[in-house]
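The shown structure was predicted, so the numbers you read here are calculated from the model rather than taken from an experiment. Residue numbering restarts at 1 for every chain, and letters A, B, ... go by the order of the sequence lines.
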4 protein chains.
Amino acid sequence: MPTPFNLCDIAANARAKRERRKDARPGELLAAALELFVEKGFAATRAEEVAKRAGVSKGTLFLYFSSKEELFKAVVRENLSGRFVEWRLELEQYQGSSADLLRYCVNTWWERLGSTQAAGISKLMMSEAGNFPELAAFYQAEVIIPGRELIRRVLQRGIDSGEFRPMDLTYGVYNVLAPMLFLAISKHSGSGCMPANEPLDPVKYINSQVDNILYGLRARAAPAPSPT
Amino acid sequence: MPTPFNLCDIAANARAKRERRKDARPGELLAAALELFVEKGFAATRAEEVAKRAGVSKGTLFLYFSSKEELFKAVVRENLSGRFVEWRLELEQYQGSSADLLRYCVNTWWERLGSTQAAGISKLMMSEAGNFPELAAFYQAEVIIPGRELIRRVLQRGIDSGEFRPMDLTYGVYNVLAPMLFLAISKHSGSGCMPANEPLDPVKYINSQVDNILYGLRARAAPAPSPT
Amino acid sequence: MPTPFNLCDIAANARAKRERRKDARPGELLAAALELFVEKGFAATRAEEVAKRAGVSKGTLFLYFSSKEELFKAVVRENLSGRFVEWRLELEQYQGSSADLLRYCVNTWWERLGSTQAAGISKLMMSEAGNFPELAAFYQAEVIIPGRELIRRVLQRGIDSGEFRPMDLTYGVYNVLAPMLFLAISKHSGSGCMPANEPLDPVKYINSQVDNILYGLRARAAPAPSPT
Amino acid sequence: MPTPFNLCDIAANARAKRERRKDARPGELLAAALELFVEKGFAATRAEEVAKRAGVSKGTLFLYFSSKEELFKAVVRENLSGRFVEWRLELEQYQGSSADLLRYCVNTWWERLGSTQAAGISKLMMSEAGNFPELAAFYQAEVIIPGRELIRRVLQRGIDSGEFRPMDLTYGVYNVLAPMLFLAISKHSGSGCMPANEPLDPVKYINSQVDNILYGLRARAAPAPSPT
DNA sequence: GATGAATGAGGCTTCATTCAT
DNA sequence: TATGAATGAAGCCTCATTCAT
């Protein structure tokens with residue numbers, strides 16, 4: 001381009017640079033939103049702060065997401081719902097014992113989700129679902145139902161193969177889900193849950209829990225019947 | 001009634017009624033606050049709505065509690081902190097086996113706390129602790145520390161008597177706490193946690209969990225070592 | 001009265017004691033109100049705090065004064081308006097020179113009013129008159145007009161006797177009033193007026209000011225004319 | 001205009017106008033705030049009314065000033081603190097006699113500050129300092145200390161040159177300050193201070209006061225000693 | 001007369017969302 | 001597209017005044 005620079009050239013140049021970064025915008029906003037939603041919760045996170053952390057202005061946020069609720073849904077899709085398909089495939093192709101699969105399953109969850117910011121979304125939904133019914137319905141359909149189904153399949157596999165005792169899976173899944181959710185919650189609840197001077201070591205905790213679960217699941221004589 | 005009424009009787013009677021009403025106010029406000037805090041969370045609960053549900057005006061609330069935070073602390077004291085003393089005594093006087101004590105303990109918790117509104121406070125703290133540091137510190141000192149101590153004592157009792165295997169109690173307590181907290185959370189998280197069409201039956205869930213825990217705790221050969 | 005004491009007797013006894021103190025009530029309330037009005041201003045003084053300082057309940061305050069404004073008027077009457085009559089008599093009977101009378105006058109003002117809480121009312125009116133027009137009108141009629149008149153008489157006496165130079169008294173009175181008001185203000189303005197580390201010594205200040213005033217008032221050749 | 005308009009020109013122009021508007025906002029708000037603070041006092045001025053008088057909404061005010069107190073500080077900086085530097089320079093370069101400097105000084109004060117709204121701030125601080133300690137400390141440091149220092153220098157100059165008699169400057173400054181403050185107060189106190197039918201003519205008042213001051217300051221035999 | 005519980009209007013401040021540029 | 005100034009509804013808390021007792 002020849003020399004006679006003018007303001008319009010500069011503007012055009014700026015516009016070009018802007019457009020080059022344009023595609024990255026939603027991703028940067030989603031990352032910033034994830035961090036802040038997990039840190040402060042949905043209601044307590046200010047739209048302006050999300051924008052600032054993503055390096056854009058408040059107006060730009062609403063250019064990409066029509067409201068704070070839509071931003072949240074996009075965060076859930078990006079970090080949770082979108083991953084169930086590949087995960088299900090992986091579990092279906094697992095070759096070892098069902099006990100190993102369960103252990104693998106929980107550890108994998110920890111590595112890929114539980115230990116990341118994404119786990120904070122679970123904690124968040126538990127407290128804010130009541131105040132934001134539309135978000136609750138969305139989360140229910142996109143995350144909770146598919147997630148439970150995954151665990152159910154692993155347990156059913158163990159029962160079918162004779163490794164696990166027969167059980168009512170509707171409750172059985174919670175033997176697995178409860179410790180996972182609890183760990184996720186405790187990692188994101190600061191002093192609201194755990195004494196500050198005794199933080200939980202996640203790997204130790206997971207192994208302690210899986211040991212317990214497997215004791216309970218293994219096929220053998222029933223435990224002393226509960227006195228109900 | 002045959003005795004002769006006079007003005008003094010009437011005045012005394014009136015004053016008594018007035019004072020009875022005054023004495024009832026804090027309790028009514030605390031009950032309304034507990035409901036709303038559990039239903040909506042701390043930040044999302046409006047002071048005016050607490051007052052309305054207690055049948056008084058906005059100003060009256062601040063006559064009894066100097067701020068929303070103080071109201072919350074009072075709710076915690078009324079429903080949680082205040083009960084630890086008698087509970088500890090009860091556990092110390094228990095005569096049966098430690099396995100029975102543990103089962104009794106968890107079931108009692110469910111009857112007296114877990115199944116009541118009070119359990120919602122635990123869920124609430126997990127999400128709002130980060131946004132209200134002073135409340136978090138208060139809750140930590142008044143509820144979390146004493147609660148963990150109670151569980152720890154029960155497990156230690158079983159270890160000392162040879163019923164339970166030796167273990168690192170810092171993690172052991174979570175084998176008990178995690179299912180309790182999870183149940184408390186799931187009962188107060190609406191659709192944020194549990195599928196709406198398959199609600200958790202608490203008693204079944206608790207027995208399922210205690211069975212598992214006791215399998216894990218019983219003194220015997222260690223389980224297959226976790227592959228870490 | 002014969003023996004059969006009952007609750008009504010006790011009540012009657014209490015009522016008697018109450019009535020014995022009844023006449024003192026308004027005075028105690030006025031004293032408390034003066035203190036607080038001077039300390040905090042009219043708008044910033046809470047009715048309840050006046051009542052508490054007087055040792056009665058909030059309701060009692062409104063029993064004796066129908067509103068906060070009426071309470072203020074009563075304070076002004078008690079502490080300012082009511083004293084002008086005797087003061088005027090005293091000045092009219094003064095025997096010495098007019099210079100001495102002026103010095104006596106200012107020093108007396110300091111002893112009886114300026115150094116007391118009452119002086120704070122003047123400061124108060126200057127700032128709150130605009131927000132409370134009815135109080136302003138009241139104060140104007142009951143205090144400002146009579147007070148100016150007193151000074152004017154002293155100066156006129158000096159002019160008539162040839163001690164003071166002739167002057168426009170409408171402005172002349174301010175040569176006297178300004179330092180008095182300034183002193184009153186500075187004593188009641190805390191750090192709003194005077195540097196905290198150099199408080200004003202009232203007696204030194206008054207003498208310094210009267211010296212200056214008398215220089216200016218004495219009958220003699222006019223000063224270098226102001227260049228207007 | 002013959003030159004070819006293009007989009008860039010239009011955009012640049014628009015941005016310029018917008019920014020001109022933005023830059024004007026703080027000034028408009030400060031002007032409105034000054035008026036209202038002087039008229040009603042700090043506590044009695046409602047933030048919303050400041051906004052309305054500046055032609056913006058309540059929210060906009062807090063966009064520029066984080067709280068009512070910060071707004072007030074900005075008003076003080078804009079109208080008082082910010083002017084001391086240039087004023088001190090001006091006084092230091094004055095060439096005439098110290099008597100003339102003093103007269104010039106007081107008249108200049110009247111023209112630039114005393115006769116403007118800014119003088120109302122002084123009155124305001126005297127009454128509200130006690131209720132807003134942080135504002136009091138700010139005003140003390142930014143206005144009172146520097147202001148006194150200015151007067152002190154003028155008097156010291158006269159003493160050094162032999163025009164004025166030696167004196168304790170700590171009290172001497174009040175011979176000058178008192179009439180100035182009194183005038184400022186009386187102009188902004190409405191009927192709280194001055195009889196409505198005899199308003200003070202500031203120039204006459206000032207000259208009357210300066211005449212008096214200079215009589216008192218001139219180097220010569222001491223006045224008749226005060227009888228203390 | 002005396003009490004103090006109750007009221008509710010009013011003030012400061014926050015923040016999601018809009019829109020002119 | 002991108003900006004960020006502007007809006008105004010909503011929430012917490014205060015306090016003069018009322019009134020049943």
Side-chain angles (χ1 to χ4, degrees), chain A residues 14-15 18-19 21-22 25 43-52 56-64 66-69 71, chain B residues 10-19 21-23 25 43-49 51 55-69 71, chain C residues 14-15 18-19 21-22 25 43-52 56-69 71, chain D residues 7 10-19 21-23 25 43-49 51 55-69 71:
Chain A
R15 194 181 330 123
R18 213 187 294 136
E19 278 167 15
R21 291 180 49 201
K22 187 177 62 180
R25 282 285 140 75
T45 293
R46 281 174 298 132
E48 183 160 23
E49 203 176 351
V50 173
K52 191 196 294 173
V56 300
S57 77
K58 202 174 7 174
T60 303
L61 170 62
F62 287 92
L63 214 57
Y64 287 98
S66 61
S67 71
K68 214 169 88 167
E69 295 214 354
L71 173 62
Chain B
I10 291 175
N13 190 290
R15 193 178 330 117
K17 199 194 299 176
R18 152 77 68 116
E19 274 165 19
R21 224 169 114 216
K22 184 207 159 181
D23 289 351
R25 279 288 131 75
T45 294
R46 282 172 296 130
E48 186 159 20
E49 203 177 351
V56 300
S57 78
K58 195 176 21 173
T60 301
L61 170 62
F62 290 96
L63 218 54
Y64 292 94
F65 304 96
S66 62
S67 71
K68 214 170 90 169
E69 294 216 353
L71 173 62
Chain C
R15 193 178 332 119
R18 212 189 294 137
E19 277 167 16
R21 290 181 50 201
K22 188 176 61 180
R25 282 286 142 75
T45 293
R46 281 174 299 132
E48 182 159 24
E49 202 176 351
V50 173
K52 191 196 295 175
V56 300
S57 77
K58 201 174 6 172
T60 304
L61 170 62
F62 287 92
L63 213 57
Y64 287 98
F65 305 96
S66 63
S67 72
K68 215 170 88 167
E69 294 213 354
L71 173 63
Chain D
L7 282 171
I10 292 174
N13 190 290
R15 193 179 331 119
K17 197 193 302 173
R18 151 77 66 116
E19 273 165 20
R21 224 168 115 216
K22 184 207 158 179
D23 289 351
R25 279 287 132 74
T45 293
R46 281 172 295 130
E48 185 159 19
E49 203 177 350
V56 299
S57 77
K58 198 176 16 172
T60 302
L61 170 62
F62 290 94
L63 218 55
Y64 292 95
F65 304 96
S66 62
S67 71
K68 215 170 90 169
E69 294 216 352
L71 174 62

Item checked: N or O in side chain of A:K58 less than 4.0 angstrom from F:dG4 OP1/OP2 -> no
Note to self: Nearest 0.5 Å, please: how far is OG in C:S57 from NZ in C:K52?
What the structure shows: 12.5 Å
Notebook entry, point to check: Roughly, in whole Å, what's the span from CG in C:L71 to C1' in F:dC15?
Noted result: 15 Å
Next item on the list: Classify the nucleic acid contact of D:T45 as base, sugar-phosphate or nothing, counting any heavy atom under 4.0 Å across all strands shown.
Entry: sugar-phosphate
Margin query: Both B:G59 and D:K68 contact DNA chain E. Which one's nearest nucleotide lies toward the 5' end?
Written below: B:G59
Checklist line | Closest contact, heavy atoms only, B:F62 versus B:S67 | finding: CE2-CA, 4.0 Å
Notebook entry, point to check: Toward the 5' end of DNA chain F, which comes first, C:A44 or A:S57, by nearest nucleotide?
Noted result: A:S57
Next item on the list: Check whether any side-chain nitrogen or oxygen of D:T60 sits under 4.0 Å from OP1 or OP2 of F:dT7, and answer yes or no.
Entry: yes
Checklist line | Any donor-acceptor N/O pair, A:K58 side chain to A:V50 backbone, under 3.5 Å | finding: no
Notebook entry, point to check: How close or far is atom P of F:dG4 from atom CD of A:E49, stated in whole angstroms?
Noted result: 17 Å
Margin query: Here's a test of your reading of the structure: between A:E69 and C:L63, which maps to the more 5' nucleotide of DNA chain E?
Written below: C:L63
Item checked: First encountered from the 5' end of DNA chain F, between D:G55 and A:L61 -> A:L61
Notebook entry, point to check: Which nucleotide in the list E:dT13, F:dT17, F:dC13 gets nearest to the side chain of B:S67?
Noted result: F:dC13
Notebook entry, point to check: In whole Å, what is the span from the CZ atom of C:F62 to the C1' atom of E:dG1?
Noted result: 17 Å
Margin query: With a cut-off of less than 4.0 Å, is there a side-chain N or O of A:Y64 near OP1 or OP2 of F:dA2?
Written below: yes
Check: Can you give the dot-bracket line for DNA chain F, using ( ) for pairs inside the strand, [ ] for pairs that cross earlier ones, | for pairs with another strand and . for unpaired bases, where Watson-Crick and G-U count if both distances are under 3.5 Å?
Finding: .||||||||||||||||||||
Check: Which heavy atom of C:L61 sits nearest a heavy atom of C:A51, and at what distance?
Finding: CB-CB, 4.4 Å
Notebook entry, point to check: Do the side chain of B:K68 and the main chain of B:R46 share a donor and acceptor less than 3.5 angstrom apart?
Noted result: no
Item checked: Closest nucleotide among F:dT7, E:dC12, F:dC12 to the D:R46 side chain -> E:dC12
Next item on the list: Can you establish whether the number of heavy atoms outside A:E69 located under 6.0 Å from its atom CD is more than 12?
Entry: yes
Notebook entry, point to check: Whole-Å distance between F:dC12 P and B:F65 CZ?
Noted result: 16 Å
Next item on the list: Figure out the CD/C1' separation between C:E48 and F:dT18, and round it to whole Å.
Entry: 14 Å
